[in-house]
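What follows is a set of notes on a single structure, which appears directly below.
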Protein chains: 2
Amino acid sequence: MTKGKDTKETILISALSIVSQSGLEGLSIGKLAQTVGLSKSGLFAHFNSLENLQLAVLQKAVDIFIETVIVPALKQPRGEPRICAISKNLFEWDRKFSGGCPFFSISAELDDKPGVVRDFLVSTQKDFVSTIANMAQIAITEGHFRKDLNPQQFAYDFYAIVLCHHHFDRLLNDPLAQNYYLNAFKALIKNSH
Amino acid sequence: MTKGKDTKETILISALSIVSQSGLEGLSIGKLAQTVGLSKSGLFAHFNSLENLQLAVLQKAVDIFIETVIVPALKQPRGEPRICAISKNLFEWDRKFSGGCPFFSISAELDDKPGVVRDFLVSTQKDFVSTIANMAQIAITEGHFRKDLNPQQFAYDFYAIVLCHHHFDRLLNDPLAQNYYLNAFKALIKNSH
DNA sequence: GACTAATACGAACGATCGTACTATTATTTT
DNA sequence: AAAATAATAGTACGATCGTTCGTATTAGTC
């Protein structure tokens, strides 16, 4: 009863690493089985379909994301401090995966592929954007941000520089990626005051 | 001699559409051959390898990008007008492909896959970022932008909101994506004065 | 220790992948 | 019109894909 859960955990961690590097397309049952030292059919039996495996991997990623990025931020005071904490924690999140944020890795490949996996991803991404917008709204009521700031626009602007950091860092290998991001974040906060 | 060029053109246009929707992973020789009405081997003979096909598709994308986005912008006055033209033309570029900007579609899947295709993509993306930075530099010397503006940082900020627009539009299907982008662009220009 | 359920394995399936050959048409050049 | 070349088709290959099935091994329960 507990053995199954353990190997399932091992499988998902391995799978997440693959997804982070090669996206969902790079996640094949045969390859994954080889990586974790199981037979193809043995691994398959845990999920009964590739789609279920993909969903389980995404759910695992969400769990780790919440635990790494969201929960610690909520321990900060309401408003601006929480947003700054999110920004900081995102670097830690990124560092957890050899290929960078797994959500980013699969966003592009799913954006024209309807199905439950895409639906799940979209749902989690919308949750994140909403979380940022909510935090911005709180920062307004707390008096940190100016009253005429649009929280949704803030979430967009924040998401933008996060996405771009990943792009400059992982694809372009620009050594200044983090500098650009930090400057942009500082400017975003400043313009929100 | 000319017949080959024609069918090659047809192939590349079809291939670009596929790549825009499903990325490079979605571009298979068999499927593409079926789409354009050729036999697998007949199509293969045009490129002699999948890698060459991918490179040709990317080169075609670059050609169209320059013709759609860059060249018209260069007809505008130096400095800020050119940057605004780029911003406007990018929407036209996006509209040319059913799946959105093909470069975006393949960025994530290539960022951990070394090879000539990745090298080519990185090279073109760096070219684009440099082009934006150069235009920002010109806008400074023309007196449109403030003297202490960092052109590279401007290019990053600009790239960020473009990326994010694609994300909000294609993945999240947010009807306000364009609004967010236009607001962000307006703010970026304003803060550069 | 016996029984049962969970877990893993091995082999095979149809399908598709990129690629390599050879043969057969079209097209261009002489 | 004949010869030469380019373009396409046909077939087959090894590999890998997700999935199914039957069987063997392991683990937990009584």
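Numbered from 1 within each chain, the chains take letters A, B, ... in sequence-line order.
C/dC9 atom P lies 13 Å from atom CD of A/Gln34, rounded to whole Å. Rounded to a whole Å, the CZ atom of A/Phe47 is 16 Å from the P atom of D/dT20. A straight line from CG of A/Asp6 to P of C/dA8 spans 10 Å, rounded to a whole angstrom. Rounding to whole angstrom units, CG of residue B/Leu38 and C1' of C/dT25 are separated by 14 Å.
A sub-4.0 Å separation between OP1 or OP2 of C/dA8 and a side-chain N or O of A/His46 is present.
Partners of A/Lys31 by side-chain contact (heavy atoms from CB on, under 4.5 Å), not counting sequence neighbours, listed by chain and number: A/Ser28. Legend: residues meeting side-chain contact (heavy atoms from CB on, under 4.5 Å) with B/Ala73, ordered by chain and number and at least two apart, are B/Ala85, B/Ile86, B/Asn89.
In this structure, the ring of A/Tyr156 has its center no less than 6.0 angstrom from the ring center of B/His165.
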**Q.** Protein proximity profile, nucleotides 13-20 of chain C - base contact B, sugar-phosphate-only contact S, no contact -, cut-off 4.0 Å on heavy atoms
**A.** ----BBBB
Q) B/Tyr159 and A/His167: side-chain hydrogen bond (donor to acceptor under 3.5 Å, both in side chains), yes or no, with the steps? A) CA-CA 10 Å; B/Tyr159 209 105; A/His167 201 82; 3.1 Å; yes
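Counting non-hydrogen atoms under 4.0 angstrom, A/Ala45 reaches nothing in the nucleic acid.
No hydrogens or angles considered: a donor-acceptor pair under 3.5 Å links the side chains of B/Gln21 and B/Ser98.
With respect to the salt-bridge test (charged N to carboxylate O, under 4.0 angstrom), the residues A/Lys113 and A/Glu25 qualify.
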